[in-house]
Amino acid sequence: MVFCRLKWFIGFGSRDVITKASRNSNRSTSLIWRCCYHRTPGSFLDPEMRAFLEENTEVSSSGHLTPEIRLRLLTPRCRFWQERADLWPYGDPFWAIYWPGGQALSRYILDNPDAVRMGSVLDLGSGCGATAIAAVMSGASQVHANDIDPIAGMAVVLNCELNNVNPFPILTKNIIDTELDNWDLIVLGDMFYDEQLANSLHHWLRKCIRTHGTKVLIGDPGRPQFLGHRIHSQLHKVVEYSLPESTRQENNGLTSSIVWSYQP
C-alpha cells in the first residue's frame, strides 16, 4: 500500500529515501517535465501525466490546518491509498501527503503575512507546494519551490491552479550544498527524518544565514530524528499548533506541530 509505505518512511526514516526517490523520479523526467526554473511551469505539463494525477488524487481542503488552501492529495478514497505500492509507476509520492510540519508552516505564514510580505521565499522540499502557495497568498514578492521529484513539481502546478495562484518557478533537483542564493526566507517542513540529510541541511542552512542573513523557519511535529539532532539546540520555538484528528491518525498519533526559527 503506497500510503502505508509513506508513513513508514517518514515515521522511522530511511537513509535510502532521497537516493531512491531521485532515482525513480529520473525515469520519467525527460518525458513529463522540463526544468521550469525561471519559466512558467503550467505550459510544461504533460496531458497524460495531468490526467494521471487528477485521477489518482482527490482535491481536499479539510482535515488539515489550512482550509484556505485546496490541494490534490492521496486520501482514503483514492486507489493508491490501499493499492500495492509497486503498482505506483513513479517515485514514492511524498508530495501527495500534507505532512504536519508543512501544515504548521503554511498556517503560520497565513496568520502572519508580515513574515513573508514583499520578501523572497524559498520553499525547500516543497512537496505539494502548500507553504509556497501560502507565501504567495500572504504577499511575498518572489517565491520559488524546490523538490527533487519532478512529479511533485507537476503537482505543485496543479495545486496553484486550484488556488488561483500563478505558478511560480519550481526547481526539481537537489540544491542542498550548492552555491548559495540570497533569499530573505527559507522554509522547510518534515525534512529531518534521515541523519545524513539532517546533517547536510544543518550545514547548508547555517551557511545561508551567515552569508546572506537569510531567515529560516522549520516545521516539524517532533519526530525523534529531529528532536535528537544537534540543530535542535539552535532553534527557537515560534508557535505550536494542535493537529486535526485526521492528520493525527495519518501520522502515528502525533498531536501537534511546531514552527521553529533557526538561529545558529
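Sequential numbering from 1 along the given sequence is applied to the chain's residues. It should be emphasised that the depicted structure is a prediction, and the values quoted were computed from it without experimental measurement.
- With a 4.5 Å cut-off on side-chain heavy atoms, Pro93 and Trp88 count as touching.
- A distance of 9.5 Å separates CG of Asp220 from CG of Leu188, quoted to the nearest 0.5 Å.
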Verdict with supporting geometry, His203 and Asp177, side-chain contact (heavy atoms from CB on, under 4.5 Å):
CA-CA 8 Å; His203 174 72; Asp177 295 329; 4.0 Å; yes

Go through it in stages, so that I can follow the logic: the residues are Tyr262 and Arg206, the test is side-chain contact (heavy atoms from CB on, under 4.5 Å), and I'd like the CA-CA distance, side-chain angles, deciding distance and then a yes or no.
CA-CA 8 Å; Tyr262 180 31; Arg206 183 173 55 195; 3.6 Å; yes

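- Closest approach of Tyr241 to Ala104, counting heavy atoms only: CE1-O, 3.5 Å.
- Atoms CG and CG, on Asp184 and Leu122 in that order, are 11.5 Å from each other to the nearest 0.5 Å.
- Heavy-atom contacts from other residues, nucleotides or ligands closer than 6.0 Å to CG of Asn199 number more than 12.
- Once rounded to the nearest 0.5 Å, the distance linking CE of Met137 with CG of Asn164 reads 8.0 Å.
- Under a 3.5 Å cut-off, the side chain of Asp181 and the backbone N or O of Trp183 do not form any donor-acceptor pair.
- Below 30°, between 30° and 60°, or above 60°: for His229 and His202 the angle between ring planes is above 60°, a perpendicular geometry.
- Considering only heavy atoms from C-beta on, Ile133 comes within 4.5 Å of Cys160 through its side chain.
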Begin with the C-alpha distance, continue with both residues' side-chain angles, and end with the deciding distance and a verdict on side chain to side chain donor-acceptor pair (under 3.5 Å) for Ser257 and Gln103.
CA-CA 8 Å; Ser257 190; Gln103 289 190 34; over 6 Å; no

For Leu171 and Lys173: C-alpha separation, side-chain torsions, deciding distance, then whether side-chain contact (heavy atoms from CB on, under 4.5 Å) applies.
CA-CA 6 Å; Leu171 184 60; Lys173 71 174 185 179; 3.9 Å; yes

Derivation of the ring-ring contact (aromatic ring centres under 6.0 Å, His included) call for Phe226 and His232:
CA-CA 7 Å; Phe226 177 66; His232 201 263; 5.4 Å; yes

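- Using a 4.5 Å cut-off on side-chain heavy atoms (C-beta onward), Ile176 and Thr178 make no contact.
- To the nearest 0.5 Å, atom CG of residue Asp147 and atom CG of residue Leu124 are 9.0 Å apart.
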Salt bridge (Lys or Arg N to Asp or Glu O under 4.0 Å) evaluation trace for Glu179 with Lys207:
CA-CA 10 Å; Glu179 184 177 349; Lys207 285 181 63 177; over 6 Å; no

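- Of all heavy-atom pairs spanning Leu71 and Ala130, the tightest one is CD1-CB, 4.0 Å.
- No donor-acceptor distance shorter than 3.5 angstrom exists from the side chain of Arg117 to the backbone of Gly139, with no hydrogens or angles considered.
- At a threshold of 4.5 Å between non-hydrogen side-chain atoms, the residues Leu110 and Ser138 count as touching.
- Side chains of Ile209 and Pro264 form a contact here, defined as non-hydrogen atoms less than 4.5 Å apart.
- Classification of the Trp99-Phe94 ring pair by plane angle, with boundaries at 30° and 60°, yields tilted.
- Here CG of Asp111 is found 12.0 Å from CG of Asp114. Values are rounded to the nearest 0.5 Å.
- Around CD of Gln263, the count of heavy atoms belonging to other residues, nucleotides or ligands within 6.0 Å exceeds 12.
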May I have the step-by-step check of ring-ring contact (aromatic ring centres under 6.0 Å, His included) for Trp260 and Tyr108, ending in yes or no?
CA-CA 11 Å; Trp260 303 86; Tyr108 176 76; over 10 Å; no

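- Counting heavy atoms from C-beta on, the side chains of Ser242 and Arg248 come closer than 4.5 Å.
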side-chain contact (heavy atoms from CB on, under 4.5 Å) evaluation trace for His144 with Asp123:
CA-CA 6 Å; His144 287 186; Asp123 184 4; over 6 Å; no

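- Distance check, rounded to the nearest 0.5 Å: NE2 of His212 to OG of Ser120 gives 10.0 Å.
- Put simply, the side chain of Asn146 does not reach to within 4.5 Å of the side chain of Ser126, judged on heavy atoms.
- Phe80 and Phe52 have tilted rings, their planes meeting at an angle from 30° to 60° on a 0 to 90° scale.
- The backbone N or O of Leu254 sits nowhere less than 3.5 Å from a side-chain atom of Asn251 that would complete a donor-acceptor pair.
- Taking all atoms of both residues into account, the shortest heavy-atom contact from Arg72 to Thr57 is NH1-OG1, 3.2 Å.
- Salt-bridge annotation for Glu55 and Arg50: absent, with no side-chain N of the basic residue lying under 4.0 Å from a carboxylate O of the acidic one.
- Linking ILVMFWY residues whenever their side-chain heavy atoms come closer than 4.5 Å, directly or via other members, leaves Leu162 and Phe168 in distinct clusters.
- Under a 3.5 Å cut-off, the side chain of Ser233 and the backbone N or O of Arg230 do form a donor-acceptor pair.
- Electrostatic pairing of Asp190 and Arg223 counts as a salt bridge here, judged by a charged N lying under 4.0 Å from a carboxylate O.
- In this structure, the side chain of Asp46 engages the main chain of Met49 through a donor-acceptor pair within 3.5 Å.
- Of all heavy-atom pairs between Leu105 and Ile218, the closest is CD2-C, 4.1 Å.
- Clustering ILVMFWY residues whenever any of their side-chain heavy atoms sit less than 4.5 angstrom apart, transitively, puts Ile109 in the very cluster that holds Val239.
- Pairing each heavy atom of Val143 with each of Ala135, the nearest pair is CG2-CB, 3.9 Å.
- Counting heavy atoms from C-beta on, the side chains of Ser106 and Leu65 never come closer than 4.5 Å.
- For the pair Asn163 (side chain) and Val165 (backbone), a donor-acceptor distance under 3.5 Å is absent.
- Between the side chain of Thr247 and the backbone N or O of Gly63, at least one donor-acceptor pair lies under 3.5 Å.
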Working note: Tyr98 + Thr66, criterion side chain to side chain donor-acceptor pair (under 3.5 Å); need CA distance, chi angles, decisive distance, verdict.
CA-CA 10 Å; Tyr98 194 7; Thr66 57; 2.8 Å; yes

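- Between Thr172 and Pro150, the closest heavy-atom pair is CG2-CA, 3.8 Å.
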